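Accompanying notes for the structure given below.
In listed order, ligands and their atoms are each counted from 1. Keep in mind that this is a model prediction, so the values were computed, not measured.
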Amino acid sequence: MTDNRTWLITGAGGMLAQDVLARLAAAGIPAVAATRAELDITDPASVREALAAHHPAVVVNCAAWTAVDDAESREDEALRINGDGPRHLAEACHELDAVLLHVSTDYVFPGDADKPYAEDAPTGPRSAYGRTKLAGEQAVLSTLPDSGFVVRTAWLYGAGGGNFVRTMIKLEAVKDTLDVVDDQRGQPTWTVDLADRLVLLGQAALAGTAPAGVYHGTSSGETTWFGFAREIFRLLGADVARVRPTTSAAFARPAPRPAYSVLGHDRWQQAGIDPIRDWSEGLSSAMPVLRAESQEGNP
Ligand SMILES: NC(=O)c1ccc[n+]([C@@H]2O[C@H](COP(=O)([O-])OP(=O)(O)OC[C@H]3O[C@@H](n4cnc5c(N)ncnc54)[C@H](OP(=O)(O)O)[C@@H]3O)[C@@H](O)[C@H]2O)c1
């Protein structure tokens, strides 16, 4: 039987949060959507008040500073949101005995491995963003050893926000050829697939069948940005030869990008939940949704 106690979603205006809310609605689970204007996670009083008002059984923290390059020059501001925010949420969840699902990132790893990072592999962020997200993970895991869940994701795309797939759909329509980096490996992940896993994990946590700790919420399989772009072109019915490989050196950016950001998924087995399907299957399902969105002229 579905546990239909209330969930609260922070950062509710963001890309992932919108799909988490849609999945909860589809599952008939009542949810409070807290946008930044309604609940600023950097303000401990506001966090305590919101949780006390709604008394959620599960809180999903989708709120974050996600501007990876800007974090290099504004690390203190990013840390308030990505490090202090999750700590305030964890403390409030502890007081109310609520489960906290906190979304994190592959950037907590150095990105120089040659096999998938296990959930307990040593971390070692190379960017300011990664350092701030690691601080958030540590706050959640230390404050809620029995009811804190850190779900690391990567290369996210979805209908509710700016992302690589949306950019490729737009560029395909206006550019003859595109140069895309072929020396960074990762796991493109559709927000709907991740939202699905978050809902299953929260339900398992409430049922007492999922151990607390770290999970990897990325698609199975792996590719490069170049491979990802070619698959998007193929699904658009465009000539894939228009996408050409290049190197990261051609796209210098303030924050270093991990060369190898592939995550292992063994932990899901302990919760009795399958990991997310292969990235190419997720992309096939997502493309009609994202194409329709771009035809509607969304920015
Ligand atoms: N996108 C990716 O490729 C990717 C990769 C790895 C991990 N992640 C993680 O996945 C999660 C969701 O990412 P996303 O792409 O859905 O992000 P997003 O679209 O940027 O959404 C983040 C939301 O958090 C809100 N927010 C910022 N500061 C806040 C605060 N102090 N209090 C409350 N809300 C606040 C933002 O509001 P404003 O718009 O008003 O600032 C925004 O609505 C994040 O934890 C992110 O670190 C994302």
- Item | Donor + acceptor pair across side chains of T223, R230 (<3.5 Å) | no
When the side chains of residues 48-62 are checked against the rest of the protein, which donor-acceptor pairs come out under 3.5 Å, sequence neighbours left out?
residue: N61; atom: OD1; partner: T10; partner atom: OG1; Å: 2.6
residue: N61; atom: OD1; partner: A63; partner atom: N; Å: 3.1
residue: N61; atom: ND2; partner: H102; partner atom: ND1; Å: 3.1

- How far apart are the C-alpha atoms of S280 and E231, what are their side-chain angles, what is the distance that settles it, and do they pass the side-chain hydrogen bond (donor to acceptor under 3.5 Å, both in side chains) test? CA-CA 8 Å; S280 59; E231 187 60 10; 5.6 Å; no
- Message: I want to check something: taking the side chain as every heavy atom from C-beta on, are F164 and W155 in contact at a cut-off of under 4.5 Å?
- Response: no
- Could you give the distance from CD1 (I232) to CZ (R291), rounded to the nearest 0.5 Å? 11.5 Å
- Message: What does the 4.0 Å heavy-atom contact list look like for ligand 1?
- Response: G11, G13, G14, M15, L16, R36, L39, D40, I41, T42, C62, A63, A64, T66, I81, V103, S104, T105, Y129, K133, T153, A154, W155, L156
- Item | Stepwise side-chain hydrogen bond (donor to acceptor under 3.5 Å, both in side chains) check, S248 with D183 | CA-CA 7 Å; S248 307; D183 56 3; 2.6 Å; yes
